[in-house]
Amino acid sequence: MSDLLKSVSYLSGVGSKTQQALAELGIFTIQDLLYYFPLRYEDLLLKSVDEASDQEKIVIKGVVASNPVLRRFGYKKTMLIVRILLDTETIPVTFFNQPWLQDKFLVGQEALVYGRWNEAKRSLTGIKVLNQTSFDQESLASIYPTNKKIHQTTLIKLIKQAVTKYANQALEIFDSSLRTKYHLLSESQIIKGMHFPTDAQQAQSARRSAKFRELFLYQARLAQLKQANAQDVSGLREEYNESYVEKFIQQFHFSLTLAQKRVLHEILQDMKSDQAMNRLLQGDVGSGKTAVAATTMFASITAGFQAVLMAPTEILAQQHYLKLKPLFAQFQLTTTLLTSSLTPAQRSQELSKIKQGRYNIIIGTQALFQDDVTYNHLGLVVIDEQHRFGVEQRRALRQKGSCPDVLLMTATPIPRTLAITYYGEMDLSIIDELPAGRKKVETYWLRFNKMDQVHRFLQIQLQQHAQVFVIAPLISESEKMDLHNAEDIYEQMKVEFPQKKISLLHGQMAADDKEIVMQDFQKQRIDILVSTTVVEVGVDVPNATVMVIYNADRFGLSQLHQLRGRVGRGRRQSYCILIADPHNKTAIERLRIMTQTNDGFKLAQKDLQLRGSGDVFGKKQSGVPNFKVADLLADEQILIAAHQEVEQLFAQDPQLHKHPELRAYLKSQKLQTLD
Ligand code: ADP
Ligand code: MG
């Protein structure tokens, strides 16, 4: 075994306690420690205390003026105080919980201390003691992420030890041509430069290489996963009937866009092959993903399988059911809707029919992958608006059949760079075109004092038989929040537009009642639908042309874009009215951008800039990488380059015969994730 894969306990000074503390930081092996990089560096700046500002971190140089005094207090807490004579005054320096420093101070000798200056008390809180040589060598102090169980200084000592002994053994991941091409440092240079840079320049170039390395290795792991998936021929070969599929496509009341045809072709290729399909279908709101999904499901059925469609909300599942059932019925196929609103008796009856294979298509919500659901001959799983589901849920559903094909659909437009990272092990199909004749939704932002104007506008639209969505952030009045609620707005709208049919919709209503309201709206028996965000995704009512959003500043950009996507689905001009009195700059920026663009990709990019990548994907997306050095936004160029290189490398050398170091590294990573 390589030394690098040995436990950290091989280092001197690592007992079981330290080992435990390191493990909590994710450090198990010597290799882990070598690559446990500092978060940032602080300049070690020699400064006279008169020039330092309050709380600034500085290095002072003086002569030890008194014997250091060690005080113990609390449980294992210590305070070491020593007086240092500077040019014109003597200042007290206090170190907390570093009792061993006591020996470093001898009266009359020179001392070099790095610490935080307190202007009022004219004292320094010591951070570390430097000696002249180490000060010359490291004008930068590395700051590591750590926990309460292990001190920075302990960590630094161990890292120093590991770097000295083992850095030269680090696996050289990049071959020399790649290093030359991207000006990358060698592994040991990266390690040394990241931990103990001698100047800012070196720190920077080490960091650049470390970023490339991190993104490259991450991509390589995804490429390996994808490769394993491709080699796995245990997937289903779905021999669908092409002429039937052609007939199915014919019965849409529109012809497919070129983009729809292209993605359909990509999907059907997957189905025919004996590899399991694992594909992400991405298309902006209203781009017509449902028609693609329906055709895919139909194809799977002609190959003799059951198909499943899962949606994140009951409203959306119901809508899919109502729209798709008649399409499939024309071909004598049976469809059922399985949601949590069934009575236990109904449910068990449905389950046995599903098990017997008496349904071809099963539509539903999460209820689809509960333990008691057994499918008959599951061939395809389509997951709509997949960004609402966690990785775990997707996995659970996939395990239902014997490796069914999986198609994920999302309207959350993911910038390409992020798709590479988050969905790298999946194949990607993109619908990059909207059906012809769509008009851009005109978007306006008004403040609440312009409500009269909003009402007048609605009056005019309603006279022209427009259907209106009104969205509120809350269902009912809340003491805590000063936000508008659906119930109040519903009452106001009834007063404002007495001749119009107005309905209320929210998540706490019974499923049956929700269904009735949605159907009435669908059938144009409702003029104004006052709702919460239960209609956020997927709802498709082409006659609705006005979307009004109260407290629009309370919603994120993607959410606003999704909500706006509920209108503009037909040929008539549609409008989106955002009502908000935003309190901060970011909110103002969001509202402005909404009025300026309808392009989901631009919005996603902007969203990312405003919120950072972690937030965009939310906590639900467990399994998203947490990069230590790289930043997906700032390092987009590096990511793209690393991605290209990985693709090329795996294309030319799929078994990594010519890249034994990379192969070894990936293997070592796999070992760790198995632990
Ligand atoms: P999304 O991609 O947001 O799920 P949908 O599948 O709900 O979009 O489609 C939006 C609307 O566009 C639906 O009313 C659908 O019938 C219609 N549609 C889909 N494809 C086309 C097309 N090729 N031409 C015209 N209308 C289409
Ligand atoms: Mg949809």
Side-chain angles (χ1 to χ4, degrees), residues 245-246 248-265 267 279-298 309-328 330 363-365 382-389 407-414 428-441 467 469 518-519 521-524 533-545 547 558-572 574 576 598-601 603-604:
V245 170
E246 209 38 59
F248 185 79
I249 293 172
Q250 304 273 309
Q251 46 85 52
F252 288 122
H253 63 269
F254 45 76
S255 51
L256 296 182
T257 61
L258 280 179
Q260 282 170 316
K261 284 183 191 159
R262 191 189 61 239
V263 299
L264 201 51
H265 179 74
I267 292 166
R279 189 171 281 277
L280 178 69
L281 173 61
Q282 190 183 309
D284 208 343
V285 274
S287 61
K289 294 183 291 295
T290 315
V292 173
T295 311
T296 307
M297 288 191 282
F298 183 84
L309 172 60
M310 180 163 84
T313 63
E314 301 228 337
I315 287 179
L316 189 49
Q318 248 150 20
Q319 173 188 292
H320 280 322
Y321 174 69
L322 293 174
K323 287 203 168 165
L324 298 182
K325 189 182 168 164
L327 288 187
F328 290 121
Q330 291 183 43
I363 298 175
T365 57
V382 180
I383 305 182
D384 195 14
E385 304 296 349
Q386 79 80 32
H387 59 282
R388 290 296 198 89
F389 290 101
L407 179 67
L408 307 175
M409 306 203 291
T410 181
T412 298
I414 305 147
L428 181 64
S429 287
I430 300 177
I431 306 184
D432 51 5
E433 161 188 28
L434 292 181
R438 291 277 169 82
K439 291 198 178 70
K440 185 171 168 285
V441 179
Q467 282 184 283
F469 281 104
M518 273 321 292
Q519 285 199 46
F521 194 56
Q522 195 79 252
K523 294 186 176 141
Q524 301 180 36
T533 54
V534 287
V535 295
E536 179 185 335
V537 290
V539 168
D540 184 41
V541 182
N543 194 56
T545 51
M547 167 61 68
S558 316
Q559 213 178 359
L560 289 172
H561 182 58
Q562 281 283 354
L563 285 168
R564 178 169 62 183
R566 298 312 113 217
V567 297
R569 301 192 144 233
R571 289 183 172 269
R572 287 169 65 183
S574 293
C576 176
N598 271 262
D599 182 332
F601 282 84
L603 286 167

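Numbering of residues begins at 1 and proceeds along the displayed sequence. Numbering of ligands and ligand atoms starts at 1, following listing order.
No side-chain heavy atom of R564 sits under 4.5 Å from any side-chain heavy atom of V285. Under the 4.5 Å side-chain criterion, counting only non-hydrogen atoms from C-beta, R279 is in contact with S429.
Of all the heavy atoms in Q260 and S287, the pair that sits closest is NE2-O, 3.6 Å.
Interface of L256 with ligand 1, defined as ligand atoms under 4.0 Å from a residue heavy atom, comprises 23 (N). The atoms of ligand 1 that sit less than 4.0 Å from any heavy atom of S287 are 2 (O), 8 (O). The T257 neighbourhood of ligand 1 comprises atoms 23 (N), with distances under 4.0 Å to a heavy atom of that residue. Under a 4.0 Å criterion applied to the non-hydrogen atoms of S255, ligand 1 contributes the atoms 22 (C), 23 (N), 24 (N). Close contacts between ligand 1 and T290 involve ligand atoms 4 (O), 5 (P), 6 (O), 7 (O) [criterion: under 4.0 Å to a heavy atom]. The distance from ligand 1 to the heavy atoms of V285 drops below 4.0 Å at these ligand atoms: 3 (O). Each of the atoms 7 (O), 10 (C), 11 (C), 13 (C), 14 (O) of ligand 1 lies under 4.0 Å from some heavy atom of D540.
Protein heavy atom at the shortest distance from atom 3 (O) of ligand 1 is G286 N, 2.6 Å. In terms of protein heavy-atom proximity, atom 25 (C) of ligand 1 is nearest to P435 CB, 3.4 Å. Of the protein's non-hydrogen atoms, Q260 NE2, 3.0 Å is the one closest to atom 20 (N) of ligand 1. Atom 8 (O) of ligand 1 has G288 N, 3.3 Å as its closest protein atom, hydrogens excluded (heavy atom only). Remark: minimum distance from atom 10 (C) of ligand 1 to any protein heavy atom is reached at R569 NH1, 3.2 Å. The nearest heavy-atom contact from the protein to atom 1 (P) of ligand 1 is K289 NZ, 3.4 Å. Ranking protein heavy atoms by distance to atom 16 (O) of ligand 1, first place goes to F254 CE2, 3.5 Å.
Atoms CG and CG, from D384 and L309 in turn, are 6.0 Å apart once rounded to the nearest 0.5 Å. For the atom pair L327 CG and Q251 CD, the distance stands at 4.5 Å (nearest 0.5 Å). Note: T296 OG1 to L281 CG = 8.0 Å, rounded to the nearest 0.5 Å. Separating the NZ atom in K523 from the CD atom in Q467 is a distance of 12.5 Å, to the nearest 0.5 Å.
Using a 30° and 60° split on the angle between ring planes, F252 and F248 fall in the perpendicular class, above 60°.
Here the side chain of R262 pairs a donor or acceptor atom with the backbone of I430 at under 3.5 angstrom.
Each of R569, H320, Q319, Q522 was checked for a side-chain hydrogen bond (donor to acceptor under 3.5 Å, both in side chains) with D540, and the lone residue meeting it is R569.
Proximity of R438 to ligand 1, defined as any heavy-atom pair under 4.0 Å, is confined to the side chain (atoms from C-beta onward). Here A436 has no heavy atoms under 4.0 Å from ligand 1, in either its backbone or its side chain. Neither the backbone nor the side chain of M409 has any atom closer than 4.0 Å to an atom of ligand 1 (non-hydrogen atoms only).
Considering backbone and side-chain atoms alike, G283 places every N or O at 3.5 Å or more from each N or O of ligand 1.
Counting heavy-atom neighbours within 6.0 Å of K323 NZ, excluding the residue itself, gives a total above 12.
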